[in-house]
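Numbers here simply count residues along the sequence, with the first being 1.
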Amino acid sequence: EAFTEGQIRLLTTVAVHTATVLTNGHLFQLIKTGKEEWEGTFDALANGIAVLDDRGLVRRANRAFAKIVDRPITEVTGLPFVAAVFGQSAEVASMLIQARGGARPPGLTLRSERLRRIFQVHAAPMPGAEGGSVVALVDDVTEQKALEAQVIQHEKMAAVGQLVSGVAHELNNPLTSIAGLADLLLEQSDTTVRTREHLSVVHEQAERAGKIVRNLLSFARQGQAEMGAVDLNDVARRTALLIGYEVRLREIDLRTELASDLTLVRGDRYQLQQVVVNLLTNAVQAVGDNPAGQPRLVTLRTRNADGRVLLEVEDTGPGVPDELLTNIFNPFFTTKEPGQGTGLGLSLSFNIVERHGGTLQARRGTLGGALFVMSIPSSRGPSAVTPASAPSAAAGSRRSKNVLVVDGDPAVRRMISALFSSDGHHVEAAPDAAHGVELLGQREFDLVIADPRASVPDGSAFADILLTRWPALRERTILATADVRPGTEEWLKGLGCRFFWKPFNVAELRAAAGEVLAAVRRKT
């Protein structure tokens with residue numbers, strides 16, 4: 001039958017309501033899908049995000065923020081933002097006030113004393129919200145800052161290394177002549193007892209200065225790790241000498257208790273020395289603040305135990321509280337006053353030891369202070385034996401030999417010339433490479449002692465010219481250099497000659513020369 005007018009109005013009303021319901025249902029589904037996508041994105045972000053009310057309390061946060069504050073996501077709502085992340089921070093509180101006023105303040109990078117981490121924080125007003133709501137973004141940048149600090153430290157050490165290398169080059173030549181001439185005069189039979197005492201002091205102090213220069217070079221040396229056999233006893237001795245001035249200045253008693261047997265490990269000498277420097281420096285600073293009457297003692301000891309070599313640094317300072325021991329190797333963690341430390345020394349040391357397959361631990365020592373123990377797998381090998389009776393330059397031959405000395409430093413030439421002349425040899429000295437090449441072209445030499453970097457006008461190194469034109473002299477050549485730039489050692493090893501670093505020990509040079517001349521005598 002035909003619809004009546006009333007039925008048509010009823011159907012029209014039902015159709016309009018049905019269309020409205022269907023539209024609303026579709027819109028609801030779109031909003032629900034968008035909400036789920038937004039919440040999924042919100043929680044998937046690695047950065048912590050929190051929506052704060054006008055009192056700074058968390059109204060909503062993602063899982064990353066809950067992880068930062070170490071709370072379940074269900075317990076984050078209602079937390080005071082500043083207190084939860086930083087404990088207290090006037091800078092962050094001021095940032096939130098500016099954001100509530102509609103501004104977009106610049107971000108802050110701060111260390112959280114509460115969480116022992118470094119955070120970068122941004123804040124902005126919540127778009128379309130009323131009541132001063134703010135969105136806060138928190139990013140954990142601890143590892144990034146640690147990496148940046150390592151890069152900066154590397155650049156600093158590279159600059160220090162260049163400076164020290166230049167200073168060492170200028171110091172090593174005069175130290176060579178001072179120690180060598182003192183040695184030579186001590187051998188003279190007509191030297192009085194009184195003079196001999198003075199010369200012994202001169203020789204001792206020259207060698208001491210040389211050791212300080214070598215230790216500075218060891219500490220400042222940069223480059224890739226060079227793994228090899230390292231004697232931790234030697235590292236300990238060198239490091240103790242390196243910080244000796246500061247120890248005496250602070251009136252601290254530094255004791256060394258080194259193992260009597262081999263303490264060999266496989267590692268990079270310079271990186272391991274950096275660890276020992278860090279440990280000793282921390283110990284010295286700790287006991288340096290002790291009140292009057294309290295002992296200022298730092299003990300450095302080594303020992304072998306169960307296939308490992310242990311190096312221990314113990315002090316009589318205040319020690320590290322037990323509750324902080326688990327955090328002491330974290331980057332930027334420090335128990336020192338603000339401005340007194342970066343919190344990187346122990347972290348870098350921990351990483352170095354770990355790369356060597358070892359461990360670095362801290363605990364309370366027997367004297368009440370801190371005790372740091374570095375443990376590295378032992379790498380025992382044959383000990384380096386110094387010949388008991390190495391032949392002298394004179395004993396290596398029954399007749400006088402021809403010796404050529406090439407060195408740009410007149411004092412070094414004079415010292416080496418005097419040394420071998422006193423042994424009865426005929427010595428000719430060349431002040432530069434060009435003169436040395438000229439002499440080599442005129443006569444035959446049984447022994448050549450030269451600075452390998454001495455150059456001719458075209459810039460070529462004397463050692464390269466020598467071994468190219470007279471390759472047979474390779475076994476008769478001893479090189480002595482003060483050049484400590486990176487790459488020099490590899491270049492010298494590639495030449496295949498014996499070489500010494502200035503300042504060298506006169507007895508060792510004489511013994512090496514004796515071996516060369518003895519070999520010459522056997523062949524002739």
Side-chain angles (χ1 to χ4, degrees), residues 20 23-146 148-149 323-324 327 330-335 337-339 343:
T20 301
T23 301
N24 287 344
H26 180 63
L27 291 174
F28 177 79
Q29 189 62 41
L30 287 176
I31 292 172
K32 181 182 178 184
T33 301
K35 177 176 179 292
E36 290 174 350
E37 290 177 351
W38 181 83
E39 287 179 340
T41 304
F42 189 67
D43 277 334
L45 290 173
N47 305 75
I49 301 177
V51 179
L52 314 179
D53 62 18
D54 58 348
R55 295 175 298 168
L57 303 180
V58 178
R59 287 170 42 195
R60 182 85 182 270
N62 65 352
R63 296 186 184 278
F65 180 81
K67 184 178 180 181
I68 286 173
V69 297
D70 196 24
R71 296 287 188 91
I73 187 66
T74 54
E75 297 180 11
V76 170
T77 303
L79 287 178
F81 174 80
V82 176
V85 179
F86 293 97
Q88 57 182 2
S89 173
E91 296 95 331
V92 177
S94 175
M95 170 191 279
L96 296 180
I97 292 174
Q98 294 178 55
R100 279 195 289 270
R104 288 181 174 270
L108 295 173
T109 301
L110 299 170
R111 183 175 188 271
S112 169
E113 295 298 333
R114 178 180 179 278
L115 300 176
R116 307 293 183 186
R117 306 289 288 175
I118 306 294
F119 295 107
Q120 195 172 66
V121 186
H122 294 270
M126 184 74 174
E130 297 180 357
S133 294
V134 171
V135 177
L137 177 68
V138 185
D139 188 13
D140 188 340
V141 295
T142 306
E143 282 72 23
Q144 175 188 334
K145 290 298 177 183
E148 290 175 359
E323 63 272 15
L324 300 182
N327 298 317
N330 291 341
F332 298 101
F333 177 87
T334 178
T335 58
E337 295 296 324

Closest contact, heavy atoms only, L110 versus S89:
CD1-OG, 3.6 Å
If I take atom CZ from residue F119 and atom CG from residue L137, how far apart are they, to the nearest 0.5 angstrom?
12.0 Å
Excluding sequence neighbours, so at least two apart, what forms side chain to side chain contact (heavy atoms under 4.5 Å, CB included) with A136?
L52, F81
Which atom of A123 lies closest to which atom of V134, heavy atoms considered
CB-CG1, 4.1 Å
Nearest non-hydrogen partners of Q98 and P105, listed with the distance:
OE1-CB, 3.6 Å
Answer yes or no: are there more than 12 heavy-atom neighbours, outside N24 itself, under 6.0 Å from its atom CG?
yes
With side-chain contact (heavy atoms from CB on, under 4.5 Å) as the test, pick out the partner of I118 among K145, Q144, E143.
K145
Smallest heavy-atom separation, P125 atom then A103 atom, equals CD-O, 3.3 Å
Donor-acceptor contact below 3.5 Å, side chain D139 vs main chain V141:
no
Are the side chain of S112 and the backbone N or O of V85 linked by a donor-acceptor pair below 3.5 Å?
yes
Test side chain to side chain contact (heavy atoms under 4.5 Å, CB included) applied to I73 - qualifying residues, sequence neighbours left out:
R63, A66
If we only count heavy atoms from C-beta on, is the M95 to P106 side-chain gap below 4.5 Å?
no
Does any part of the side chain of L115, heavy atoms only, come nearer than 4.5 Å to the side chain of I68, both counted from C-beta?
yes
CD (E91) and CG (L108) are apart, to the nearest 0.5 Å, by 7.0 Å
Interatomic spacing from CE in M126 to CG in D53 - rounded to 0.5 Å
12.0 Å
Do you know the tightest heavy-atom contact between A64 and N47?
CB-O, 3.5 Å
Enter the distance from D70:CG to E75:CD here, rounded to the nearest 0.5 Å.
10.5 Å
Is it the case that over 12 heavy atoms from other parts of the model lie below 6.0 angstrom from the CZ atom of R114?
yes
Nearest 0.5 Å please: distance from the CD1 atom of I49 over to the CG atom of N62.
5.0 Å
